[in-house]
Amino acid sequence: MKSMKRKFGLVLARCRFTVFPDELTIECVRSKYQKELVSRRHLPVMLAQLLRGEVQEPDVIGSKLIEQLDRQAGSWRFVLIEGLKGDDLDFCKALDLSPQSMFIDLYGSQFGLVVQGTELAREMAEKVCSELRKRGTNCSVSVGPTVSFLRDLAHSYSGAVEVSVYHFFHTDAGLVNYEIVSEMEVSYDLQAMATVEQLLAAAERLQEQETFRILQGLFQFLRETMTAPEVVRMISINLVLKSMEVLRELGAATDIGQQLRGFLRTEPNSLAGLEHILHAYLTEFMTRLRKHKEASYGHPLRGIECYIQENYRKSITIKEIGEQFFMNPVYLGQAFMKKRYRHHRMYPRHAD
């Protein structure tokens, strides 16, 4: 009886694997496809969370996927892609890239491409950079150092971020490789901050040629010393704030400065672009300043009052004011005494 049951069981088992081969094959394929789908969707999200610092360790599913991939791959590299807009990311994902790569969404317009293998990463980075430039997208692509394990991807990401600063100084750099520019050193010296005072003084005097000569020299210095982007932005914001203070004291509109100040905190992404923006800003600043002064200088004494208010920090004399406005110093002094005698304490003593 037991022997018959054993034989019957074997027959059933044999039938289970031989009678319905198509169903078993379909089930295996479906299972494999589902696992690959989970891997393709889950792993990029989890890696992005790790790089953004949202989680410290991968979850159970992520850990298994990482271990499986590390057994298959010998090395990994992170490719940083910045400046993507609109449907640029969808365009990149549609490119015929290697199945050994995956896209990661990081911050804002910052994305990453994780690739197995050192040389393959460089090839994929070059392809993405080339195709985006053909498309007309002004982006920057940086390749981080090689790491042996996917768990150490943060090191490759940090390296890519570190060398991406090269794009700030060289907008036509194309692809930047960590192995080539990793020795680059940026400066955090605030020496250029003193030039802001000279620049603003020339702009206040409405000396356009001198203003733009100083501006050009400032950015040439920043370029040669490789001044860090955050320091450059701080210098630029300082210039805007000081110029807004001048306009505010004169009662002129400061809306251009307020809009630009917020923009400068994160943009633009190149030194050349920043110089162009500040050139346009200073042009508008001097235009508003000139219009305000022309409107204020309708009466000679009113113009002189504005001049004294604008230059009260300087050691000026009646003689210098007379020369500035083509008036006799003696007459000028008498006119002020007659018109403003009761309010003489409102004026700086060194203007007497």
To the nearest 0.5 Å, how far apart are CD in Glu185 and OG1 in Thr225?
-> 12.5 Å

Under 3.5 Å, is there a donor-acceptor pair between the Asp70 and Trp76 side chains?
-> yes

Arg122 and Glu126 ion-paired at < 4.0 Å = yes

Given the rule that I, L, V, M, F, W and Y join up when any side-chain heavy atoms are under 4.5 Å apart, are Val60 and Leu50 in one cluster?
-> no

Leu150 side, atom CG; Ser75 side, atom OG - distance, nearest 0.5 Å = 11.0 Å

Can you measure from OG (Ser140) to CD (Gln110) and round to the nearest 0.5 angstrom?
-> 8.5 Å

Evaluate whether atom CZ of Phe149 has more than 12 neighbouring non-hydrogen atoms of other residues, nucleotides or ligands under 6.0 angstrom away.
-> no

State whether the number of non-hydrogen atoms from other residues, nucleotides or ligands found under 6.0 Å of Gln56 atom CD is greater than 12.
-> no

Which class fits the ring pair Phe78 and Tyr157: parallel under 30°, tilted 30 to 60°, perpendicular over 60°?
-> perpendicular

Are the charged groups of Glu210 and Arg213 less than 4.0 angstrom apart, N to O?
-> yes

Heavy-atom side-chain contact between Leu69 and Leu43 under 4.5 Å | yes

Hey, are the side chains of Thr283 and Phe212 touching, using non-hydrogen atoms and a 4.5 Å cut-off?
-> yes

Gap between atom CE of Met46 and atom CD1 of Ile66 - 0.5 Å precision | 3.5 Å

Report yes or no: does Ser187 contribute a side-chain atom to a donor-acceptor pair with the main-chain N or O of Asp189 at less than 3.5 Å?
-> yes

Worked verdict on Val79 versus Val128 for side-chain contact (heavy atoms from CB on, under 4.5 Å) = CA-CA 10 Å; Val79 178; Val128 170; over 6 Å; no

By ring-ring contact (aromatic ring centres under 6.0 Å, His included), which residues pair with His155, not counting sequence neighbours?
-> none

Would you list the pairs meeting salt bridge (Lys or Arg N to Asp or Glu O under 4.0 Å) in which at least one residue belongs to residues 100-116, sequence neighbours left out?
-> none

Answer yes if the side chains of Thr146 and Thr118 hold a donor-acceptor pair under 3.5 Å, and no otherwise.
-> yes

Nearest heavy-atom pair of Val114 and Ile104: which atoms, and what distance?
-> CG2-CD1, 3.3 Å

Does Phe285 reach the side chain of Leu200, with side-chain heavy atoms less than 4.5 Å apart?
-> yes

Is the number of heavy atoms from other residues, nucleotides or ligands under 6.0 Å of Gln207 CD greater than 12?
-> yes

Residues Lys134, Glu131: salt bridge by 4.0 Å N-O rule = yes

Closest approach of Phe103 to Pro44 (non-hydrogen atoms, all atoms of both residues) = O-CB, 3.5 Å

Any side-chain heavy atom of Ser164 within less than 4.5 Å of one from Val176?
-> no

Atom NE2 in His42, atom NZ in Lys64: separation rounded to 0.5 Å?
-> 11.0 Å

Please check if the side chain of Ser98 supplies one atom and the backbone of Ser101 the other of a donor-acceptor pair under 3.5 Å.
-> no

Do Ile81 and Asp88 touch side chain to side chain, with heavy atoms closer than 4.5 Å?
-> no

Taking C-beta and beyond as the side chain, do Pro145 and Ser156 meet within less than 4.5 Å on heavy atoms?
-> yes

Is it true that Glu284 and Arg288 make a salt bridge, defined as a side-chain N closer than 4.0 Å to a carboxylate O?
-> yes

What closest approach, in Å, do Pro58 and Arg151 show between heavy atoms, and which atom pair accounts for it?
-> CG-NH1, 3.6 Å

Counting only heavy atoms not in Glu57, do more than 12 fall under 6.0 Å of its CD?
-> no

Checking Asp87 side chain against Asp90 main chain: does a donor-acceptor pair fall under 3.5 Å?
-> no

Heavy-atom closest pair (Cys129 atom, Val141 atom, distance to 0.1 Å) is CB-CG2, 3.8 Å

Can you see which heavy atom on Cys92 is nearest to which on Leu132, and at what distance?
-> SG-CD2, 3.7 Å

Gap separating the CZ atom of Phe111 from the CG atom of Leu106, nearest 0.5 angstrom | 8.0 Å

Is the shortest heavy-atom distance from the side chain of Ser142 to the side chain of Glu162 under 4.5 Å?
-> no

With side chains defined as the heavy atoms from C-beta onward, is the minimum distance between Met124 and Leu113 less than 4.5 Å?
-> yes

Which atom of Leu97 lies closest to which atom of Lys127, heavy atoms considered = CD2-CD, 3.9 Å

State, without any angle test, whether Gln220 and Glu224 hold a side-chain donor-acceptor pair at a distance under 3.5 Å.
-> yes

Just do the side-chain contact (heavy atoms from CB on, under 4.5 Å) check on Met234 and Met193 with the steps written out, would you?
-> CA-CA 9 Å; Met234 182 172 65; Met193 193 70 78; 4.0 Å; yes

His279 vs Gln216, side-chain contact (heavy atoms from CB on, under 4.5 Å): CA-CA, chis, key distance, verdict | CA-CA 9 Å; His279 189 286; Gln216 184 179 13; over 6 Å; no

Within the distance-only criterion (no hydrogens, no angle test), does the side chain of Thr137 pair as donor or acceptor with the backbone N or O of Arg133 below 3.5 angstrom?
-> no

